[in-house]
Undergrad: 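Sharing a structure, written as structure tokens. Questions coming.
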Amino acid sequence: MPKPKLAVYWAASCGGCDIAILDIEDKILAVADFFDLCLWPCAADFKYADVRAMDDKSITLTLFNGAIRNSENYEIARLLRGKSVVLAAFGSCATEGGIPGLANLTGKEAILDYVYIKSPSTVNPDKIYPQPRCKVPEGEIYIPEMWNTVRALHQVIDVDYIIPGCPPQSDQIAAVVGAVIDILSTGKPLPPKGTVLGASEKSCCDECPRKRDVKKITKFRRPFEGPTDPDICLMEQGLVCLGPATRSGCGAKCVSAGMPCRGCYSLPANVRDQGAKMVSALASVVDSTDPTEIDRIIATIPDPVGTFYRFSLAESFLRRKQA
Amino acid sequence: MDFEPKILGLLCNWCSYTGADLAGTARMKYPPNVYTVRVMCSGRVDPGFILDAMRAGADGVLVCGCHPGDCHYVEGNYKCLRRIPLTKKLLEGFGIDPRRLRLEWVSASEGGRFKEVVTEFTEQIRALGPLKLNDWAFAEQPLEVHEAA
Ligand code: FES
């Protein structure tokens, strides 16, 4: 019997998700044993044409990382959806837009203008911008067209499962891949569509080893502004920690090491908008009932939108900056 | 067509909703643009309600609660008082005029005040115009195949 096929793809991503897959160490051998790899741009030399030539639904599992920010990302997402039986959004960018989603705070024109005209290291007197199509003596060539808005994968195609994290933790990946191999080889039923794999339902705070008091604060500060107490809730020490608005599953690594949660593991099951949840959480530690003093304290939070929605802007209620 | 603002009003059960009721029983006239939803306390207003309402088509959101010190649950309205300015910061970050969100204290006896608040806020939103979310939804696009890749 031929082996089941596996595809791993990167769209608008940094490559960290691919590295996290390789980081499952010797278990990668079991993956190679069980599956037949058919696409993995980061690690192997397969061509899109190879995938196009395959039958529909002939790829058993696709792990898709990266956000959708240009026509190529979208094209390959649609291609892989058609060819795959099971397609999982892998990592924050595919799940909720991730860091590339922060580009939704500006737009295509402003970004191209900065990169090709305004950035200090650019000399471009003729104002040459990349064009999606361009005629050269050899014929017409093209590059993918950049979109104005970055999207999460499920906003453009149907997604079966979600594996959050920036990147997903290797032990979680190993567990998920192990479970998939087990299901496929024993014929057990798949989990219901839409299940979040490799994470729990609750928030990062539920895994956090720090103690919570009811301490309130009069000023927010950033991690580099002095040491933190190793045992007390970081928010109660004035740090903007996204723990309350973030799914657990990472093992509370950052907070245990003294860094406030950056919010990469997507939203807990009972939260619909990370920023809104953070507003509630932070408002509860602000020590004042006086409007002017409240304004002063919240003014010490640098960049609320960029911080609260660091990974989930494209998936937030409002999704992008309005013109 | 003239623009008629759509405003979501989140009114606390113990003071502001009763105040709005009083405005009604006293037959005071005020614009019909506020769609009221009764919540138990202004402290129950999750900032997500506000953002979700704007996503769903509200041009403005009005939150009303008991005066400071009068909250039925002692300090729910202080919670709200701290959330609203931070929510306004989010709106600003999203390029939405923060004046589309307003917090007002209206007691059970202040029917007249409710009328004033609604009238003024409706005019404010009318002046700001409709809230349009640009490029928010995804429109299916034709599949472009890049053969050479
Ligand atoms: S009950 Fe009215 S604000 Fe809390």
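Numbers restart at 1 for each chain; the letters A, B, ... are given by sequence-line order, proteins then strands.
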Undergrad: Identify the two heavy atoms, one from A:R319 and one from B:F94, that lie closest to each other, and give their separation to 0.1 Å.
TA: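 For A:R319 versus B:F94, the nearest heavy atoms are N-CE2, 4.2 Å.
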
Undergrad: Where do B:L90 and A:A276 come nearest, in terms of heavy atoms and distance?
TA: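 Closest pair (atom of B:L90, atom of A:A276, distance): CD1-N, 4.2 Å.
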
Undergrad: Looking at A:P304, A:S280, A:A314, which makes the most heavy-atom pairs under 4.5 Å with chain B?
TA: A:S280

Undergrad: Just wondering, are more than 12 heavy atoms of other shown residues or ligands nearer than 6.0 Å to CZ in A:R296?
TA: yes

Undergrad: In terms of heavy-atom contacts, does CZ of B:R44 have more than 12 from other residues, nucleotides or ligands at under 6.0 Å?
TA: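 No, not enclosed.
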
Undergrad: First locate atom NZ of A:K277, then atom CG of B:D46, and finally report the distance between them rounded to the nearest 0.5 Å.
TA: 7.5 Å

Undergrad: So which atom in B:G93 and which in A:V305 form the shortest heavy-atom distance, rounded to 0.1 Å?
TA: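 Of all heavy-atom pairs spanning B:G93 and A:V305, the closest is CA-CG2, 3.6 Å.
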
Undergrad: May I ask you to check whether over 12 heavy atoms, not counting those of A:K202, lie within 6.0 Å of atom NZ?
TA: no

Undergrad: Check whether any side-chain N or O of B:R82 sits under 3.5 Å from a backbone N or O of A:S288 as a donor-acceptor pair, and report yes or no.
TA: yes

Undergrad: Checking heavy atoms, do the side chain of B:Y78, its backbone, both or neither come under 4.5 Å from chain A?
TA: side chain

Undergrad: Do the non-hydrogen side-chain atoms of B:D135 and A:W147 ever get within less than 4.5 Å of each other?
TA: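 Of all side-chain heavy-atom pairs linking A:W147 with B:D135, none is under 4.5 Å.
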
Undergrad: Return yes when atom NZ of B:K6 has more than 12 non-hydrogen atoms of other residues, nucleotides or ligands closer than 6.0 Å, and no otherwise.
TA: no

Undergrad: What are the two closest non-hydrogen atoms of B:P85 and A:I298, and how far apart are they?
TA: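 That would be CB-CD1, 3.5 Å.
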
Undergrad: Measure distances from A:D273 to the heavy atoms of chain B and classify the residue's part below 4.5 Å as side chain, backbone, both or neither.
TA: side chain

Undergrad: State whether B:K89 and A:D295 are salt-bridged, where the test is any N-O pair (Lys NZ or Arg NE/NH1/NH2 against Asp/Glu carboxylate O) under 4.0 Å.
TA: no

Undergrad: A quick test of your reading: do over 12 heavy atoms of other residues, nucleotides or ligands sit less than 6.0 Å from CD of B:E140?
TA: yes

Undergrad: For B:W136 versus A:R151, what's the shortest heavy-atom pair and its separation?
TA: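 Where B:W136 meets A:R151 most closely, the heavy atoms are O-NH1, 3.0 Å.
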
Undergrad: Could you walk me through whether A:V286 and B:L86 pass the side-chain contact (heavy atoms from CB on, under 4.5 Å) test, one step at a time?
TA: CA-CA 11 Å; A:V286 169; B:L86 197 45; over 6 Å; no

Undergrad: Nearest 0.5 Å please: distance from the CD atom of A:Q322 over to the CG atom of B:D97.
TA: 13.0 Å

Undergrad: Please state whether the side chain, the backbone, both or neither of A:L282 comes within less than 4.5 Å of a heavy atom of chain B.
TA: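 Interface part for A:L282: side chain.
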
Undergrad: Do you know which of A:L105, A:I294, A:V279, A:I297 has the most heavy-atom pairs under 4.5 Å to chain B?
TA: A:V279

Undergrad: Below 4.5 Å from any heavy atom of chain B, which atoms of A:R320 appear? Answer side chain, backbone, both or neither.
TA: both

Undergrad: So which bits of residues 48-63 of chain B come within less than 4.5 Å of chain A, counting non-hydrogen atoms only?
TA: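 Listed by number, the contacting residues are B:G48, B:L51, B:D52, B:M54, B:R55.
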
Undergrad: Is A:I301 in contact with chain B via its backbone, its side chain, both, or neither, using a 4.5 Å heavy-atom distance?
TA: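 A:I301 touches chain B through side-chain heavy atoms alone.
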
Undergrad: Of the listed residues (B:E75, B:K79, B:R83), which shares the most heavy-atom pairs with chain A below a 4.5 Å separation?
TA: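 Option with the top pair count is B:R83.
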
Undergrad: Please flag which part of A:A299 lies under 4.5 Å from any non-hydrogen atom of chain B: side chain, backbone, both or neither.
TA: both

